[in-house]
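Take a look at the structure below.
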Number of protein chains: 6
Amino acid sequence: MIQLTRAYFFSASHRLHVPQFSDEKNQALFGKCNNPHGHGHNYRVEICVKGEIDPMSGRVVDLAAMDSLVNDRVVKYFDHKYINQDMPEFKTLVATTEVLGEVIHERLSTVWPKDFPTLDKVGIQETKRNRFTIPSSK
Amino acid sequence: MIQLTRAYFFSASHRLHVPQFSDEKNQALFGKCNNPHGHGHNYRVEICVKGEIDPMSGRVVDLAAMDSLVNDRVVKYFDHKYINQDMPEFKTLVATTEVLGEVIHERLSTVWPKDFPTLDKVGIQETKRNRFTIPSSK
Amino acid sequence: MIQLTRAYFFSASHRLHVPQFSDEKNQALFGKCNNPHGHGHNYRVEICVKGEIDPMSGRVVDLAAMDSLVNDRVVKYFDHKYINQDMPEFKTLVATTEVLGEVIHERLSTVWPKDFPTLDKVGIQETKRNRFTIPSSK
Amino acid sequence: MIQLTRAYFFSASHRLHVPQFSDEKNQALFGKCNNPHGHGHNYRVEICVKGEIDPMSGRVVDLAAMDSLVNDRVVKYFDHKYINQDMPEFKTLVATTEVLGEVIHERLSTVWPKDFPTLDKVGIQETKRNRFTIPSSK
Amino acid sequence: MIQLTRAYFFSASHRLHVPQFSDEKNQALFGKCNNPHGHGHNYRVEICVKGEIDPMSGRVVDLAAMDSLVNDRVVKYFDHKYINQDMPEFKTLVATTEVLGEVIHERLSTVWPKDFPTLDKVGIQETKRNRFTIPSSK
Amino acid sequence: MIQLTRAYFFSASHRLHVPQFSDEKNQALFGKCNNPHGHGHNYRVEICVKGEIDPMSGRVVDLAAMDSLVNDRVVKYFDHKYINQDMPEFKTLVATTEVLGEVIHERLSTVWPKDFPTLDKVGIQETKRNRFTIPSSK
């Protein structure tokens, strides 16, 4: 068994705001991340798969096929967007990195091809200091 | 003579759009950077000063004083903001990294203390691939 | 379930020396790390927690509260110190990065709040080449 | 229990090519990685061991001894070589990073000393975007 | 005036060997870099231009046009190649990073468009430890 | 003409303290860097040389010779030392990074071989945020 962790990148903006909370509570909870017009980040997403090495090709996954899927479902979807306004999912979700990671995991797992190695986990970084990891539930 | 280059960080969002241009021209010129609701980045700003080492303290600059100035004039001003909407300068300026670098240089040079070492240049990075450098004009 | 790994930084000095060993044995075991007056590093500490995302706030942990705890118990405690002389724990402990990681894990786990997500593991790097990971024992 | 992950580096060249496949299939499968005269990378290899901290020395492993073994079996063996031509193993193996990682794991595990902490896994990176991890099978 | 430094990447292999020198002298001069079948690296190339910011677009250069030129003349030309065998220039040149940098500078400067900002210098890194810079001669 | 910037690394400890100043003034000036028993860093030193490429060897400098000189005069001299106590120069000098950079420049320039390319400048980083550059005076 072998694992591959591959990085993808996009730049987007977001605002942390819970509509059910008062302005004071949002401000106390999220600080400057609650500023009214949003702000942005360079996101790094890591897709981790695990499986067996194909004995003929010596590869665990067809990278071109995996890139095509992740670019369609994740990179092109989020890149250069304002997550709160441009993404229908986020009309009712808080745009934290935690939730963004879960949405990315779901956008991949629901269409993950049977002949791909197992989708093991999704990692997401908003800055170099923080990394969230969402393992596939069993 | 010695130079010190010190890095500062902020996260912000922006949109590249020239109001005098048609939507088609903006789209052709800026591509996805012209998306209507903006997007964001983690910015790295490098302030470079040059001067003589003080023979008593062994330092070229009082770092606490320089940090205080740069944090007030640059980091707090731009951090977690939507540059196009939150910054008065950008009502009439295009929010490219080039122009952002020039605005930062001007926000510092106009208040730079006489007893600081010379402000030599300002660098700014939107992503790791691109670095803009604005030297102080003589 | 989601994991968050968050990095903290401090600079400190240390010396590797076992008082029960002869000078020759200390020198053979630790080489230049046994030099008499110590030396130093920029340490990177990674605190990994795991738990559920709060459905209202979209967060796995209150970052401000976690930062406050880790800064008090770890960063301020070790930053700009000579570990062998300034830290009471190290009067009787060898100041290797392994032991330093264990001490950090214990300084956190003994006061870890019940309403925080689980403290999953502590990582520590002395240089970019070496990373020690101390998982919470079950 | 504690884990140590230590990085080693070498530069080498390789070509992805399956002799049993037609030129067209090799080209479709591997693209530019199938170019006839090969190409190269700076490889980063991470060796992860796990064990108990020795109570006297405060260390999980004798780093000098581990470095000596890994340098002999891995770094000196692959550094500044053309993997497809210089390495006997690769006369019959495809020189993908996956297979290279497996070969490195086997070159270490077959000679791993009994008094070393457990060889937990081997990681290998060809570029910063991709990391393969080969856990020791149980 | 403003400078832009933009990074490009390719992976290639090479061998350091001067045909006019004896095998012993080549070995003494280049060590393992003289190994007979070559080895490889991930190269980072930095193209630095300088000019004025266009007052309408807020940009110093049309990045898409510059990328197109550098990709054609440099990245596609060298990527996944064995420099000594695949590149006609290197039939008679030693494939050091210094010479590679000069060849890249010349491949760009000879076709550099008049309406581009000035090509100021070319940087090239074979590993993170070494960076060569070739300024445009005046 | 071409420039080469090559990085070297050492780990050391230091304390910022001016004996002629009162404890209060030292504390106000240097803060935690004045803590009594010192602290440490991983230092990165960059040596920049400039010269012509040798037409036969394709190199600007004999790297092995340059490494030998810099390792002797800089790396071995400072590595795993307490600068304030172990280095005679620092009995009367403040151990700031600025002064450390100047001392390194002088330790190299006074023995720089005539047949080496020109020593152009010395850079030194204590952490990733700060880089000091000492150009050779003319």
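A note on names: the letters A, B, ... follow the listed sequences, proteins ahead of strands, and every chain is numbered from 1. Computed from a prediction, not measured in an experiment: that's the story for all the values here.
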Pick from C/P36, C/G31, C/G38 with the largest number of heavy-atom pairs that fall under 4.5 Å of chain F
C/G38
Determine, using ring centers only, whether F/H39 and F/H41 are less than 6.0 Å apart.
yes
Got a salt bridge between F/K50 and F/D120, using NZ or NE/NH1/NH2 to carboxylate O under 4.0 Å?
yes
Residue among C/H80, C/H37, C/H14 with most heavy-atom pairs under 4.5 Å to chain F:
C/H80
Ion pair present between C/K121 and C/E46, side-chain N to carboxylate O less than 4.0 angstrom?
no
When you compare the side chains of F/N42 and C/T127, does any donor N or O come within less than 3.5 Å of an acceptor on the partner?
no
Do F/F90 and F/L100 have side chains that get closer than 4.5 Å, going by heavy atoms?
yes
From the list F/G40, F/S13, F/C33, the residue making the most non-hydrogen contacts under 4.5 Å with chain C is F/G40
Which answer fits C/N34, side chain, backbone, both or neither, if we ask what part of it has an atom under 4.5 Å from a heavy atom of chain F?
neither
Pick one of side chain, backbone, both or neither for F/N84, based on which atoms fall under 4.5 Å of a heavy atom in chain C.
neither
